[in-house]
Amino acid sequence: MSFGKGRVRPLVAKAAPIDGDASEKRWSSRRASASPGLVYPGGIAASIPCMIADQSVTGARLQMQPGWVNPFSGYSSIGQAFKLVMRVDRVEVDCEIVRIEENEIGVRFLSVMRPMPKKN
């Protein structure tokens with residue numbers, strides 16, 4: 001396809017949806033996890049237990065306990081950052097909220113996973 005004098009529009013390949021689902025927007029595939037985690041919201045000392053339902057190299061889906069006290073209330077929580085501790089792997093990662101529902105949070109990883117600090 002040409003645009004003006006000798007300029008050619010480059011073809012851009014679109015990423016194929018994972019598992020053929022047209023509504024899928026992830027760039028990396030997720031693997032089921034079902035491992036315990038702890039959410040450490042910024043400015044709040046107490047941790048919130050969660051279950052890491054699935055994760056990829058770029059993010060995770062966290063299942064919260066029914067009736068949990070949500071410090072990330074409302075749409076203003078999208079983009080809010082916190083630390084996620086993956087207890088089984090003994091690692092932590094900085095995250096931001098990309099989706100929040102009643103008992104589920106979708107997060108994007110903002111940092112690489114790092115070992116949890118050792119207690120003295």
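Small disclaimer: the values here were computed from a predicted structure and weren't measured.
Linking Ile, Leu, Val, Met, Phe, Trp and Tyr residues whenever their side-chain heavy atoms come within less than 4.5 Å leaves Met86 and Met51 in two separate clusters.
Met113 CE to Glu92 CD: the interatomic distance, rounded to the nearest 0.5 Å, is 11.5 Å. A distance of 9.0 Å separates CZ of Phe82 from CG of Leu110, quoted to the nearest 0.5 Å. Rounding to the nearest 0.5 Å gives a distance of 10.5 Å between CD1 of Ile48 and CG of Leu62. Between the CD1 atom in Ile52 and the CG atom in Asp89 there is a gap of 7.5 Å [rounded to 0.5 Å].
Paired with Arg99 under the rule salt bridge (charged side-chain N to carboxylate O under 4.0 Å, His left out), one option of Glu102, Glu96, Glu101 passes, and it is Glu101.
The minimum heavy-atom distance between Ala60 and Phe109, with the atom names listed, is CB-CZ, 3.9 Å. Between Asn103 and Gln65, the shortest heavy-atom distance links the atoms OD1-O, 3.7 Å. In this structure, Pro41 and Ala46 approach most closely via the heavy-atom pair CD-O, 3.9 Å. Taking every heavy atom of both residues into account, Cys50 and Leu38 meet most closely at SG-N, 4.2 Å.
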* To do: Using the side-chain contact (heavy atoms from CB on, under 4.5 Å) rule, take Val39 and Met64 through it: C-alpha gap first, then chi angles, then the decisive distance, then the call.
  => CA-CA 10 Å; Val39 170; Met64 311 308 283; 4.3 Å; yes
side-chain contact (heavy atoms from CB on, under 4.5 Å) for Val112 and Val93? Distances and angles first, verdict last. CA-CA 6 Å; Val112 297; Val93 64; over 6 Å; no
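A 4.5 Å side-chain heavy-atom check between Arg114 and Asp94 finds at least one atom pair inside the cut-off.
Considering only residues two or more places apart in sequence or on other chains, Arg90 meets the salt bridge (charged side-chain N to carboxylate O under 4.0 Å, His left out) condition with none of them.
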